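Order of listing sets the numbers, starting from 1, for every ligand and every atom in it. Keep in mind the model is a prediction, meaning the values are calculated, not measured. Residues: numbered from 1 along the sequence shown.
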Amino acid sequence: MEIKENISLRKYNTFGIDVQAKYFASFDSIEQLQDILLLPNFQHESKLILGGGSNILFTKNVAALVLKNEISGIEVVEEDDQFVFLKAGAGIAWHELVKYCVHHQYAGVENLALIPGNVGASPMQNIGAYGVEVKEVFHSLEAIHINSKEKVVFTKSDCEFGYRESVFKHAQRNQFVITSVTYRLLKKPKYNIAYGAIAKELEVMGVQELSISSIAQAVINIRNSKLPNPESIGNAGSFFKNPELPKTQFDVLKMEFPDIVGYMNEMDKVKVAAGWLIEQCGWKGYRKGDAGCHDKQALVLVNFGHATGTEIHNLSEEIISTVTAKFGILLEREVNIF
Ligand code: EPU
């Protein structure tokens, strides 16, 4: 295994921010990871685990050992009449897993097609889109505890999933390296096309009979039409979470802003479209230097080329303060700031 020094992280984060890592190593197996964690010279070095780098904004150089997870492999570990239990290496690109499932007709992740990032980040973030969250198909995961180097299994309840939340963003933050995730997928699909845009796109596609692949394709088409591809424009998907408000607060806002977009969630709160709030404050399509707000989806901040993480962070601060001033709502970032 090779520990590199002072290397640029530009190609390791989808925002394309050019910061340096003091030390950098990749690993493609649990054993290799454990070996790195045991290296005497790095015992006291802080560590940053990188997957696809699709949910992080670097605002400074990383004075730590950056560990890039490249554990691969997809295998069926168990199946019965209803379910397939699929274990995937944390370093696999999420969309590769979706393609595998679509190809094998395993249902449950088709609405989550084309989400950037790796398998390992899927439970950390409880990734979600178009009416589905990964917690619905999550079965368990394996992780290595960074200090003890022991393997630990997390069940669904251990993960404490919430909206773009899990225990790995809170109590267990930076304590574990997720090495594999096991999903429980359906052999007989239960289609979820409740999200209006999907039904519309299926109609445009002329789909008569629903299938796992047609839903995945509809999602791919929708995402391609409004979300920038990180390969050409740096971004990390939604930069902010959609705020969840008590119904009473939403009703008051609705009187003043009748077009405000919100949906009741399962907690009896109203999830408000942050993209709408940001657009109303005039940010959609805004650009200052190379930092900007995407012109087709205001929730997505972008790096047009050489923006620094601080420039993007400053833009997010400005957005937060104008949204607070206009609507009295405090936006929370979804992206991790380093
Ligand atoms: N809207 C606007 N202006 C905008 C953007 C959105 O008015 O610039 C309004 C529109 O009314 C639109 C509604 O907001 O109908 C919802 O927009 P969209 O369907 O694009 O979804 P979103 O709520 O903005 C969330 C997720 C996305 C996910 C989509 C689809 C969060 C933070 N974001 O965005 O997830 O793809 O729903 O399910 O929950 C991500 O997490 O990185 C991500 C891209």
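- Not a single side-chain hydrogen bond (donor to acceptor under 3.5 Å, both in side chains) links T179 to another residue, sequence neighbours left out.
- Side-chain atoms of N69 come within 3.5 Å of backbone N or O of I178 as a donor-acceptor pair.
- Counting Ile, Leu, Val, Met, Phe, Trp and Tyr side chains that sit under 4.5 Å apart, directly or through other members, V300 shares a hydrophobic cluster with L227, I233, V302, F304.
- E203 and K200 are not joined by a salt bridge, as no carboxylate oxygen comes within less than 4.0 angstrom of a charged side-chain nitrogen.
- Geometrically, K68 does not engage Y12 in a cation-pi contact, judged by NZ or CZ lying under 6.0 Å from the ring centre and within 45° of the ring axis.
- Closer than 4.0 angstrom to ligand 1 sit non-hydrogen atoms from G128, A129, Y130, Y163, R164, Y195, R223, K226, G237, S238, F240, K241, N242, V261, A273, G275, W276, E279, K284, Q297, A298, L299, E334.
- For E317, the salt bridge (Lys or Arg N to Asp or Glu O under 4.0 Å) criterion is met by R333, not counting sequence neighbours.
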